[in-house]
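Just so you know, these numbers come straight off a predicted model, no measurement behind them. In each ligand, atom 1 is the first atom listed, and ligand 1 is the first ligand listed.
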Amino acid sequence: MRVSLSFEKPEGSGLCIMVDLLRASATITSALDSFREVIPVGDVEEATEYSRMGYVVAGERGGETLPGFLANSPLEVREHSGDALVLTTSNGTRILESVESQALVGCLNNLDAVASAARNLSDEVEVVMAGVNGRFAIEDFLCAGEIIRAIGGEFEEYAEASVLAVQDRSMVDDAIRKSRSARRLRELGFAGDIEYCLRRNITENVPVYRDGRISLI
Ligand SMILES: O=C(O)[C@H](CS(=O)(=O)O)OP(=O)(O)O
Ligand SMILES: [Mg+2]
């Protein structure tokens, strides 16, 4: 198994795992408990159009929930159900739109499940950190490190660095709690989401993005 790590967009065209720990990956993973599929859309206008058609919509910009939408929150979306959830977020949904083939969605909540699915699907996987508006985000790097360690195999150097960074779990948790993204979410009243996103292996859900939709693998 060969594992690489990249930032913002996949460098190859094979299997990838999109990691946006706070919060798009966790929201998508959680939503698939109560929705058959998630439709990720890049812009607010398109999501609003879906809303007019009667779809349940969720989304934010800069962490702030869009008016009339559910929050990009793993805790909030699981209180709703339906056939499809339309989701637009600042980073995660935008990254998925740049995926050419298929992408799994990974977070700490589904850490071992997504690692095992990747191993079953391919002998090469690229983990893609979403970041925040083009900037490195430590929470995505550390989450990627835990997923890459769980996948195992041969790591390219960036991937290896992420694994070396996650030797101490309490340091990982502290760094994520102190991240710019977490601070911003706490200011907006989403402290509960941060703690939820830090929980390891609480679900077997492995979301897969293909042909513009996300469903369980
Ligand atoms: O809603 C979130 O947690 C973030 C907001 S921000 O742009 O990083 O402030 O969006 P996401 O697409 O989940 O990174
Ligand atoms: Mg994020």
For this session: For the Mg ion (ligand 2), find the closest N/O/S atom on Asp20 and give its atom name.
Result: OD1
Exercise. Hey, quick one: are Phe35 and Val57 part of the same hydrophobic cluster, counting side-chain heavy atoms closer than 4.5 Å, chains of contacts allowed?
Worked result: no
Exercise. When you measure from the side chain of Ser25 to the backbone N and O of Asp20, does any donor-acceptor pair fall under 3.5 Å?
Worked result: yes
For this session: Could you tell me how the ring of Phe141 sits relative to the ring of Phe136: parallel (under 30°), tilted (30 to 60°) or perpendicular (over 60°)?
Result: tilted
Exercise. Between Asp193 and Ser73, is there a donor-acceptor pair closer than 3.5 Å when you use the side chain of the first and the backbone of the second?
Worked result: no
Exercise. Of the backbone and side-chain N, O or S atoms of Leu22, does one lie nearer to the Mg ion (ligand 2) than 2.8 Å?
Worked result: yes
For this session: Please lay out, stage by stage, how Glu49 and Arg52 fare under the test salt bridge (charged side-chain N to carboxylate O under 4.0 Å, His left out).
Result: CA-CA 5 Å; Glu49 196 51 45; Arg52 287 198 197 96; 2.8 Å; yes
Problem set entry | Axial cation check for Phe155 ring with Arg2, 6.0 Å and 45° limits | no
For this session: Only counting residues at least two apart or in another chain, list the ones meeting side chain to side chain donor-acceptor pair (under 3.5 Å) with Arg149.
Result: none
Exercise. Protein residues near ligand 1, heavy-atom distance below 4.0 Å?
Worked result: Asp20, Leu22, Arg23, Ala24, Glu60, Gly62, Gly63, Asn72, Thr89, Ser90, Asn91, Gly92, Val132, Leu185
